[in-house]
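Supplied in structure tokens, the structure appears directly below.
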2 protein chains.
Amino acid sequence: MRAGDIPELQKLKLFADMTPAHFQDLIRAAYVQTFPPHVDLISEGDHGDFLHIVVSGSVELYSVWNHHETSMATVRPVSSFILAATIKNGPYLMSARTLEKSRIVLLPSIDVREIFDRDSGFARAVVRELANCYRSAVKDTKNLKLRSSLERLANYLIRSHMRSNEALVFELTIKKRRLASFLDMTPENLSRAIKSLRSYGVQIDGTRVTITDMNALLKLAKPSPLIDDYST
Amino acid sequence: MRAGDIPELQKLKLFADMTPAHFQDLIRAAYVQTFPPHVDLISEGDHGDFLHIVVSGSVELYSVWNHHETSMATVRPVSSFILAATIKNGPYLMSARTLEKSRIVLLPSIDVREIFDRDSGFARAVVRELANCYRSAVKDTKNLKLRSSLERLANYLIRSHMRSNEALVFELTIKKRRLASFLDMTPENLSRAIKSLRSYGVQIDGTRVTITDMNALLKLAKPSPLIDDYST
DNA sequence: CGTCCTTTTGAACATTGTCAAACACTGTGG
DNA sequence: CCACAGTGTTTGACAATGTTCAAAAGGACG
């Protein structure tokens, strides 16, 4: 692969501060692949031989234990995933599958670790990225432990609202089934929670969300920059 | 502060790979302080001006939202905490308080960031540390989402058992109240869960845990290296 | 138009949380 | 050394929350 092949890669902050020569080295052995929807990319427990980057489409990170499955996150372009396993040269802690047709760049972990040792700009970018990942994960834990499922749903909607330029009408970007799992609820429980939100000025019809009383919703959700991520 | 003042610091993998000169620079402006039990060290939302290192005693990391508090982790010697906030120069996501009389080293964040930029050995160590923190946090989330409270307790006991050299009789190192919060249960619920574990060959009397049927406990807990940390 | 999948609804059930009270443990001061 | 206060833990009754199972309703797509 060459530097110009995937211009989207340049958008990644992870690669912004490295020397062009090292960037070349990094992507020389990389390759891009387009996957159909619902294809397993990696499986937890496997060894992390590649750093993955979603160039288009979207990828679900999920985990399984004792026949239960839970949705951990959705990765959207342009972002890398499982950086920690790559750097640590350890097993993946999460599985990943495509949600839709997706283009994925695969960077051999060994090259990532090698360039990481040689290029201090890249090393710093890796640190920033890992610090962000860690802080997101801490926020996830707080969200789960400190809030009820109704409060988690309310905050999820507020985050979605922020990401859609504060529109009061917007579309859910994931299926309700997966949203339920992401919020640690059953689909039935989510369905009922959605009904309960009507008394807080939220209408959800199919995938279309309409917020009619933001104050009531905020009063319930009590969003906090120390728990909720308004970036991404 | 001088390099020889706190020999315990040398034990930290975080400082193992840096040049002695940079280590000197890093700890020059640092200071050690001994705190009584139950003293607040940092408060979430505050700005991260110091990297903290527990030299002796122990520290609880906890979080608060909407008048609820939850215990996030216990930091034992010799470990740093809130490295991510230091590196990111961002607000703390968790509060910290001493659990007992504790000696804490305080390293000015600005120095940590400066040496981080100059010393690539240190930078790599920071990356390793953050990657570990992130992976621990992911495991926490999986533990919370995939397991029931009884299963979390069972796995907590198995981890404690491993840490006490696989002894079948050992002491709980934290008060049940905090353990409950850490496991995301109420004290009452924990108390009942402990009783339920009797049918899985676990007796808990005060702080003394006795495992009489490890097979039964393992069958319930189904521990996994992809969720449980047997290190620390 | 069916078929498959998701979502919704209802009812029974399980789990967990809340509140109040009893009990146990710890350390203090008399 | 004991009485006692203060804290932490346990227990019981009950309420709230969340899950399971079964079935119906709605959508997507060949």
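Below, chains carry the letters A, B, ... as their sequence lines are ordered, and counting in each starts from 1. Because the structure is a prediction, the values reported are computed rather than measured.
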Exercise. Quick one: A:R147 CZ to C:dT16 P, roughly how many Å, whole number?
Worked result: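 From A:R147 CZ to C:dT16 P: 22 Å.
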For this session: Measure the distance from CG on B:N189 to C1' on D:dT10 and round it to the nearest whole Å.
Result: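 In whole Å, D:dT10 C1' and B:N189 CG are 13 Å from each other.
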For this session: Provide, to the nearest angstrom, the distance between the CD atom belonging to A:E151 and the P atom belonging to C:dG17.
Result: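 Answer to the nearest Å: 14 Å.
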Exercise. Quick one: which of D:dT19, C:dT7, D:dG12 gets closest to the side chain of B:R192?
Worked result: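 Of all the options, the side chain of B:R192 is nearest to D:dG12.
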Exercise. When you check the phosphate oxygens OP1 and OP2 of D:dG18, does a side-chain N or O of A:S149 lie under 4.0 Å from one of them?
Worked result: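 It does, given that an N or O in the side chain of A:S149 lies less than 4.0 Å from OP1 or OP2 of D:dG18.
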Problem set entry | Nearest-nucleotide pick for B:K176, side chain only, options being D:dT9, C:dT16, D:dG18 |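 Of the candidates, D:dT9 comes closest.
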For this session: Rounded to the nearest angstrom, tell me the gap between atom CZ in A:R198 and atom C1' in C:dT8.
Result: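 Going from A:R198 (CZ) to C:dT8 (C1'), I get 11 Å.
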For this session: Report the relative orientation of the aromatic rings in B:H161 and B:F170; use parallel for angles under 30°, tilted for 30 to 60°, perpendicular for over 60°.
Result: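 Ring orientation, 0 to 90° scale: tilted.
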Exercise. Taking the side chain of A:P187 as heavy atoms from C-beta outward, which of C:dT9, C:dA20, C:dT8 is closest to it?
Worked result: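 Minimum distance to the A:P187 side chain belongs to C:dT8.
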Problem set entry | Nearest atoms (heavy-atom pairs only) where B:E44 meets B:S95 |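 Closest approach of B:E44 to B:S95, heavy atoms only: N-OG, 2.9 Å.
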Exercise. Does a nitrogen or oxygen in the side chain of A:T186 sit under 4.0 Å from OP1 or OP2 of D:dT19?
Worked result: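 For D:dT19, OP1 or OP2 has a side-chain N or O of A:T186 closer than 4.0 Å.
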For this session: May I have the distance from A:L150 (atom CG) to D:dA16 (atom P), rounded to whole angstrom?
Result: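 Whole-Å distance recorded here is 15 Å.
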For this session: To the nearest Å, give me how far apart NE2 (B:H68) and P (D:dA16) are.
Result: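 Interatomic distance, NE2 of B:H68 to P of D:dA16: 15 Å.
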Exercise. Of A:R152 and B:K195, whose nearest nucleotide on DNA chain D comes first from the 5' end?
Worked result: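 By nearest-heavy-atom nucleotide position, the 5'-most residue is B:K195.
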For this session: Start with the C-alpha distance between B:R178 and B:E60, add both sets of side-chain angles, then the distance that settles salt bridge (charged side-chain N to carboxylate O under 4.0 Å, His left out), and finish with yes or no.
Result: CA-CA 9 Å; B:R178 283 194 54 244; B:E60 174 181 22; 3.0 Å; yes
Exercise. Once the angle between the rings of A:H52 and A:F81 is folded into 0 to 90°, is it parallel (under 30°), tilted (30 to 60°) or perpendicular (over 60°)?
Worked result: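 Geometry flag for A:F81 against A:H52: tilted rings.
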Problem set entry | Interatomic distance, B:D184 CG vs D:dT17 C1' [rounded to whole Å] |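 The answer, rounded to whole Å, is 13 Å.
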For this session: Specify the separation, in whole Å, of atom CZ of A:R177 and atom P of C:dC5.
Result: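 These atoms are roughly 11 Å apart.
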For this session: Would you mind telling me which residue lines up with the more 5' stretch of DNA chain D, A:D205 or A:M185, judged by nearest nucleotide?
Result: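 The 5'-side residue here is A:M185.
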Exercise. So which of A:R147, A:K222, A:R135, A:R163 actually passes salt bridge (Lys or Arg N to Asp or Glu O under 4.0 Å) with A:D228?
Worked result: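 Going through the options one by one, the only one that passes is A:R147.
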Exercise. Among the nucleotides C:dT7, D:dT9, D:dT10, which one has an atom lying closest to any side-chain atom of B:K175?
Worked result: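 The answer is D:dT9, which lies nearest to the side chain.
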